[in-house]
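A, B, ... follow the sequence lines: proteins, then strands. Residue 1 opens every chain.
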Amino acid sequence: MPQANKPSLEKLQALRGMADLLPSQTSLWQQIEVKAREHFHRSVISELRTPLLEQTQLFSRGIGEATDVVGKEMYSFLDKGDRSCTLRPEGTASVVRASIQHGLLKQGPQRFWYSGPMFRYERPQAGRQRQFHQIGLEYLGFNNPCSDIEVISIAWDLLEDLGLTDLTLELNSLGSNEDRVTYREALLSWLEERKNDLDPDSLNRLYTNPLRILDSKVKSTQTLLREAPTLSEYLSADSINRFERVKTGLEALEIPYTLNPRLVRGLDYYSHTAFEITSSQLGSQSTVCGGGRYDKLIEQLGGPSTPAIGWAIGMERLALLLTQNNPVPNKSIPEIYIVNRGVTAEPFAIVVGRLLRQSNHKVELDLSGSAFSKQLKRADRSGARWALLIGDNEAEEEKVILKDLKTIPSKDSQEEPIKLEILMRQFN
RNA sequence: GCGGGCGUCGCCAAGUGGUUAAGGCAGCGGCUUGUGGCGCCGCUAUUCGGGGGUUCGAAUCCCCUCGCUCGCCCCA
């Protein structure tokens, strides 16, 4: 018998699929972000920041109505002006929109990077949240296969530099849009003859997005598809030539790749080069980085016909991999811990702490007012190199006691108080 | 959206129908009203994610719900 809900005193908690990043995680994230910025900086790529919220149309038109992302995963709602708004499910569409809106493409080819939260309404599991974070790269106005190579190598080098091993670069060419139209027809008629052997999911896709059937993980469907026409057979000479140049370039950089003819990717806008960087250590959500070329998207969104290519790295998955290799989270450790107690000592300790911080030292000030022994114990546990002891006796003479926490204390060693100026000279 | 597993203190974790819900770590206080690595002592869950039910009695059984997790799907 169903009961009425009484949520009156329910605990407040984050929404499903929305994770807090606690201090044990944030230092790792910061390291990733710093490293990524370095790589972007060295390749002369500018940051672009766009709103989290966009018109729903941007995504339905850009990503494709038939895709899962648009069809069932968007966080959409009507605002007070009855406009349909959507929390961005990915970054590319927004970057393209901003570039068109501000006429950036008229200034020639652009290299952009972005980072931030994305939202997809999905069932959470390892490496998949409803709010997740991506760092992404978009090269707008580049057609040369060398741009594909540069874009891929930036992702590869960044991940390697972060210490990841065991990565696989999966590569495919989706050909031009014309190639795909031809192939789509061929595949469709081939599949129609074998309708009865398809699994239900694939059957649903038959007329909406037949290429995605290639990606099916259903065994019987996979077996069936072994005989199916492949996209590579339908690539034009130009497309093949283009793909060869990308492969040759990667070889020159000694970036290993695996050809995966079934790599189709879920967003409609991809053409030619499509790739994913995967790790076997991630469980079923194995893609750390995914991307590809999208030569028709900009035009489709109302901009000038402009070729482009980009990728996105999933921060949570990246952090997951780095945590596996390096399970000890860094805690923030002070250099100097200030022990203080007393009506004169406490305000003086704040002054001393500020002076030291202004001299660029990492200082933790004990704010408890508890006994010296307690504070010293905390100083020791904090991992600080130095303790500064300030009681009323010292404060009245503007002195402090400096203690080296790395040495073992002898029973009755009493340190001499030193003048503040002397201390500051030492910590300059 | 579908299927499996799980949910006891900040963290780890015992308890599987019967008096006060082990223990460890961390935290706080004391031994030491001004001196740290150790030690000892004490404190910290009227409550077992939440709600309802069964029962003389439930953390333990049942139902609903929330969340986590694994797989499917999909993707970063």
Write down the distance separating the C1' atoms in B:A21 and B:C9, rounded off to the nearest Å.
11 Å
Using a 4.0 Å heavy-atom cut-off across all strands, classify A:Gln375 as base, sugar-phosphate, or nothing.
nothing
How do A:Leu405 and A:Met315 order along RNA chain B: which one's closest nucleotide is nearer the 5' end?
A:Leu405
Say we look at B:G36 and B:C70: how far apart would their C1' atoms be, to the nearest angstrom?
47 Å
Any donor-acceptor pair under 3.5 Å joining the side chain of A:Arg123 to the base of B:C70?
no
Of A:Ile313 and A:Lys377, the one whose closest RNA chain B nucleotide lies more 5':
A:Lys377
When we call it a touch if two heavy atoms are under 4.0 Å apart, what does A:Leu318 touch: a base, just sugar-phosphate, or nothing?
nothing
Considering only the P atoms, how many Å lie between B:U69 and B:A22, rounded to the nearest integer?
30 Å
If the cut-off is 4.0 Å, is A:Arg378 near the phosphate of B:G29, judged by side-chain N/O to OP1 or OP2?
yes
Please state how far atom CG in A:Leu388 lies from atom P in B:G36, giving the value in whole angstrom units.
17 Å
Could you tell me whether A:Asn340 contacts a base, only the sugar-phosphate backbone, or nothing, with contacts defined as non-hydrogen atoms closer than 4.0 Å?
nothing
Side chain of A:Asp380 only, please: which of B:G36, B:U35, B:C73 is the nearest?
B:G36
Can you name the one residue among A:Asn340, A:Val343, A:Asp392, A:Val400 that meets side chain to side chain contact (heavy atoms under 4.5 Å, CB included) with A:Phe348?
A:Val400
Considering only atom C1', compute the distance from B:C48 to B:G7 and round it to an integer number of Å.
10 Å
With both distances kept under 3.5 Å, what pairs with B:G3, Watson-Crick or G-U wobble?
B:C70
Choose from B:A26, B:G36, B:A76 the nucleotide whose nearest atom is closest to any side-chain atom of A:Arg120.
B:A76
Distance between C1' atoms of B:C12 and B:U19 (Å, rounded)
28 Å
Please evaluate the base of B:C74 for a donor-acceptor partner in the side chain of A:Arg128 within a cut-off of under 3.5 Å?
yes
Measure from the side-chain heavy atoms of A:Asn393 and tell me the nearest of B:G36, B:G34, B:C74.
B:G34
Nearest to the side chain of A:Gln125, heavy atoms from C-beta on, is which of B:G67, B:U35, B:C73?
B:C73
Of the options B:C68, B:G27, B:G1, whose atoms approach the side-chain atoms of A:Arg381 most closely?
B:G27
Counting the atoms with a prime plus P, OP1 and OP2 as sugar-phosphate, which does A:Gly127 contact under 4.0 Å by heavy atoms, base, sugar-phosphate, or nothing?
base
For a quick check of understanding: with a heavy-atom distance under 4.0 Å over all strands, which category does A:Ala379 fall into, base, sugar-phosphate or nothing?
nothing
Among B:A76, B:C2, B:G34, which nucleotide sits nearest the side chain of A:Phe132?
B:A76
Between A:Tyr139 and A:Gln110, do the side chains contain a donor N or O and an acceptor N or O under 3.5 Å apart?
no
Does either side chain, that of A:Asp148 or that of A:Thr273, offer a donor lying less than 3.5 Å from an acceptor on the other one?
yes
Mind checking the P distance from B:C11 to B:A26? Whole angstroms is fine.
16 Å
Once you apply the 3.5 Å cut-off to both distances, tell me the Watson-Crick or G-U wobble partner of B:C28, or none.
B:G42
Using distance alone, with no hydrogens and no angle criterion, decide if A:Ser280 and A:Asp166 have a side-chain donor and acceptor under 3.5 Å apart.
yes
Please check if any side-chain donor atom of A:Ser382 sits under 3.5 Å from a side-chain acceptor atom of A:Glu364, or the reverse.
no
Base, sugar-phosphate alone, or nothing: which one does A:Ala14 contact when heavy atoms must sit under 4.0 Å apart?
nothing
Measure up the A:Tyr183 and A:Tyr234 rings against each other and bin them: parallel (under 30°), tilted (30 to 60°), perpendicular (over 60°).
tilted
Of the listed nucleotides (B:U35, B:G67, B:C70), which one gets closest to any side-chain atom of A:Ile401?
B:U35
Of the candidate nucleotides B:A76, B:G36, B:C74, which contains the atom at the shortest distance from the side chain of A:Ser373?
B:G36
Nucleotide opposite B:A21 in a Watson-Crick or G-U pair, distances under 3.5 Å
none
Between B:A76, B:G36, B:G34, which nucleotide gets closest to the side-chain atoms of A:Glu394?
B:G34
Same-atom distance (P) from B:G4 to B:U47, integer angstrom
33 Å
What is the nucleic acid contact for A:Gly17, judged by heavy atoms within less than 4.0 Å: base, sugar-phosphate only, or nothing?
sugar-phosphate
Report yes or no: do A:Ser368 and A:Arg378 form a side-chain donor-acceptor pair below 3.5 Å?
yes
Measure CD/A:Glu316 against C1'/B:U69 and give the value in whole Å, please.
17 Å
Checking A:Asp161 against A:His39 for the side-chain hydrogen bond (donor to acceptor under 3.5 Å, both in side chains) test, could you report, in this order, the C-alpha distance in whole Å, the side-chain angles of both residues, the deciding distance, and whether it holds?
CA-CA 9 Å; A:Asp161 193 20; A:His39 280 251; 2.8 Å; yes
Which part of the nucleic acid, if any, lies within reach of A:Arg341 when heavy atoms closer than 4.0 Å are counted: base, sugar-phosphate only, or nothing?
sugar-phosphate
